[in-house]
**Q** 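Below you'll find the structure I mean.
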Protein chains: 2
Amino acid sequence: MSDDQYSSYSFLLDRTAKRVKQYAQQRFTELGFNVTVDQWIVLKHLYEHDNMKQNELAELLFKDNPTLTRIIDLLCDKGLTVRNVHPTDRRSFVVNLTKEGIRKVEQLTPKVKAIRLKAWEGLSERDFNQFKKILDTIYNNLG
Amino acid sequence: MSDDQYSSYSFLLDRTAKRVKQYAQQRFTELGFNVTVDQWIVLKHLYEHDNMKQNELAELLFKDNPTLTRIIDLLCDKGLTVRNVHPTDRRSFVVNLTKEGIRKVEQLTPKVKAIRLKAWEGLSERDFNQFKKILDTIYNNLG
DNA sequence: TAATAACTATTAGTATAACAACTATTTTGG
DNA sequence: CCAAAATAGTTGTTATACTAATAGTTATTA
């Protein structure tokens, strides 16, 4: 493939990732979810793996520590999460959902799924597997 | 495809787009390019389509006006672009590369291509076409 | 033509992202 | 055991993204 043809991959990738996030955020706002897409991702993972250290959570979500610190700050301000001291390492906090945080995740999960599915209309499982293979290859090439 | 399986597309997409940008930015910094990835994209498009109004440029690059205003501010501070008044519409500016801006684009273009190509190792033109088809479909589904 | 609407760019405010620097801890190695 | 290195989290800075608001200009239309 020619260099020029190839160079457009980053443009396509960036454009699409931006629109996917933008679309979700707009639905979130319209529907009064009162969380951002990134805050939602943190909540969802906490629902599935509660009691995680911040740096474990950051690694899982491919976010760096400062970014996660600030997202957790906002979630704590909203009363959806709490920081608890780590039982054996006083440098660390473990992050937990509050009751309200748990309720929020349970309320929003099916709605978020519906929003996410919109993007995939007209595409097949075969497409998904191709898509995954290519994205993983790019990801690993740059790792 | 199941909802859950499907839901991971946005994660894969976001993760990969982030790494592609981050990888490029790290190489840019290492090699002393002295521009960000987004600033580079603006410079490159100005090289190919000079004398554009800011809002035309913003639309072409999928950036909003405030974002583009600030990128242009930074590029002007660096002496790489200038704003000129639009000949017939005093609300608008047209943006042009300076001589230094032109030199910068010509110097960096082959280096940027090499950086971009790294991601695509082990992938074929067939993969690229699949990739493009899927990304375009997602993009249009949400448009 | 005059009032209104639409448009262009900017500014302000909040959120995310990356990096560097810092504090407080814990771990390591001599 | 103690000094040095590593680690966890926070804070600061810069850049980008999105929304809302604003000033200045142009287009519309009553």
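Proteins come first, then strands; the chains are lettered A, B, ... in the order of their sequence lines, and each starts at number 1. Note that these values count all heavy atoms, side chains included, but never hydrogens, waters or copies made by symmetry.
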**Q** Using only heavy-atom distances, decide whether a donor-acceptor pair under 3.5 angstrom links the side-chain of B:R70 to the base of C:dA12.
**A**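 Per atom types, the contact qualifies.
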**Q** Looking at the rings of A:F62 and A:Y139, which for Trp means the six-membered one, are their centres under 6.0 Å apart?
**A**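 Close enough - the centres of the two rings lie under 6.0 Å apart.
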**Q** A:Q39 or A:T88: which one's nearest nucleotide on DNA chain C is closer to the 5' end?
**A**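 This one resolves to A:Q39.
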**Q** Does the Lys NZ or Arg CZ of A:R126 fall within the cation-pi geometry relative to A:F128 - under 6.0 Å from the ring centre and within 45° of the axis?
**A**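 No cation-pi geometry.
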**Q** What's the CD1-P distance between B:I72 and D:dA17, to the nearest Å?
**A**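 Taking atom P of D:dA17 as the reference, CD1 of B:I72 is at 13 Å.
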**Q** Could you tell me the separation between the CG atom of B:N65 and the C1' atom of C:dC7, rounded to a whole number of Å?
**A**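 Whole-Å distance recorded here is 10 Å.
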**Q** Give the rounded distance in Å between these two atoms: OH of B:Y23 and P of C:dC19.
**A**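 Roughly 14 Å, once rounded to whole Å.
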**Q** If I take atom CG in residue A:D77 and atom P in nucleotide C:dT14, what distance separates them, rounded to the nearest angstrom?
**A**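 From A:D77 CG to C:dT14 P: 13 Å.
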**Q** Considering every strand and a 4.0 Å limit on heavy-atom distances, what is the contact class for B:L74: base, sugar-phosphate, or nothing?
**A**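 Counting heavy atoms under 4.0 Å across all strands, the contact made by B:L74 is with sugar-phosphate only.
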**Q** Of the options C:dA9, D:dA8, D:dA20, whose atoms approach the side-chain atoms of B:P66 most closely?
**A**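 Output: D:dA20.
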**Q** Would you indicate what A:S92 reaches in the nucleic acid, counting non-hydrogen atoms under 4.0 angstrom: base, sugar-phosphate, or nothing?
**A**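 If one applies the 4.0 Å heavy-atom cut-off, A:S92 turns out to touch the sugar-phosphate alone, with no base involved.
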**Q** Taking the side chain as C-beta and beyond, is there a heavy-atom pair between A:R15 and B:D136 under 4.5 Å?
**A**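 They are in side-chain contact.
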**Q** Using the side-chain heavy atoms of A:D38, tell me which of these nucleotides is nearest: C:dT11, C:dT16, D:dG9.
**A**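 Nearest listed nucleotide: C:dT16.
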**Q** Looking only at side chains, do A:N84 and A:N96 share a donor and an acceptor under 3.5 Å apart?
**A**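 Short answer, yes.
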**Q** How close or far is atom P of C:dT16 from atom CG of A:L61, stated in whole angstroms?
**A**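 Interatomic distance, CG of A:L61 to P of C:dT16: 12 Å.
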**Q** With DNA chain D as reference, determine whether A:N55 or A:K18 sits nearer its 5' end, using the nearest nucleotide of each.
**A**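 Whichever sits nearer the 5' end wins; that is A:N55.
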**Q** Atom NE2 of A:H86 and atom P of C:dT26: how far apart are they, to the nearest Å?
**A**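 Checked: the NE2 to P distance equals 11 Å.
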**Q** Taking only the side-chain heavy atoms of A:K63 (C-beta and beyond), determine which of D:dC18, C:dA20, C:dT16 contains the nearest atom.
**A**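 The nucleotide sitting nearest to the side chain is C:dT16.
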**Q** With heavy atoms under 4.0 Å as the rule, sort B:Q26 into base, sugar-phosphate or nothing.
**A**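 Sugar-phosphate contact only - B:Q26 comes under 4.0 Å of backbone atoms but never of a base.
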**Q** Examine the base of D:dT7 for any acceptor or donor lying under 3.5 Å from a partner atom in the side chain of A:R91, and report the outcome as yes or no.
**A**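 In this structure, the two groups form a donor-acceptor pair.
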**Q** Where the side chain of A:R90 is concerned, which of D:dT19, C:dT26, C:dA9 is the nearest nucleotide?
**A**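 Output: C:dT26.
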**Q** Roughly, in whole Å, what's the span from CD1 in B:I71 to C1' in D:dA17?
**A**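 Answer to the nearest Å: 10 Å.
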**Q** Atom CG of A:D73 to atom C1' of D:dT10: distance rounded to whole Å?
**A**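 It works out to 9 Å between those atoms.
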**Q** Any side-chain N or O of A:R83 under 4.0 Å from OP1/OP2 of D:dT10?
**A**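 Yes, A:R83 has a side-chain N/O under 4.0 Å of OP1/OP2 on D:dT10.
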**Q** Reckon A:Q25 touches a base, only the sugar-phosphate, or nothing at all at heavy-atom distances under 4.0 Å?
**A**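 Touches nothing.
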**Q** Base, sugar-phosphate, or nothing: which does A:L68 touch, judged by heavy atoms less than 4.0 Å apart?
**A**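 Nothing, no nucleic acid heavy atom in range.
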**Q** Does a salt bridge link A:D38 with A:R70, judged by any charged N lying under 4.0 Å from a carboxylate O?
**A**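 The answer is no: the pair does not qualify as a salt bridge.
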**Q** Of the nucleotides C:dA17, C:dT10, D:dT10, which has the atom closest to the A:K21 side chain?
**A**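 From the listed options, C:dA17 comes nearest.
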**Q** Within the structure, does a side-chain N or O atom of A:Q22 lie under 4.0 Å from either OP1 or OP2 of D:dC18?
**A**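 Answer yes for this pair, as a side-chain N or O of A:Q22 is under 4.0 Å from OP1 or OP2.
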**Q** Taking the side chain as every heavy atom from C-beta outward, state whether B:L43 and B:T81 have any atom pair closer than 4.5 Å.
**A**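 Result yes, sub-4.5 Å side-chain heavy-atom pair found.
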**Q** Does A:T67 place a side-chain N or O at less than 4.0 Å from the phosphate oxygens OP1/OP2 of C:dT16?
**A**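 Answer is no, no contact under 4.0 Å.
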**Q** Indicate, with a heavy-atom threshold strictly under 4.0 Å, whether B:T36 touches base, sugar-phosphate, or nothing.
**A**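 Answer is sugar-phosphate: B:T36 comes under 4.0 Å of backbone atoms only.
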**Q** The criterion is side-chain hydrogen bond (donor to acceptor under 3.5 Å, both in side chains); which residues satisfy it with A:K78, sequence neighbours excluded?
**A**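 side-chain hydrogen bond (donor to acceptor under 3.5 Å, both in side chains) check on A:K78 returns A:Q39.
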**Q** If you find the nucleotide of DNA chain D closest to A:E56 and the one closest to A:D14, which residue's nucleotide is nearer the 5' end?
**A**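 So the residue in question is A:E56.
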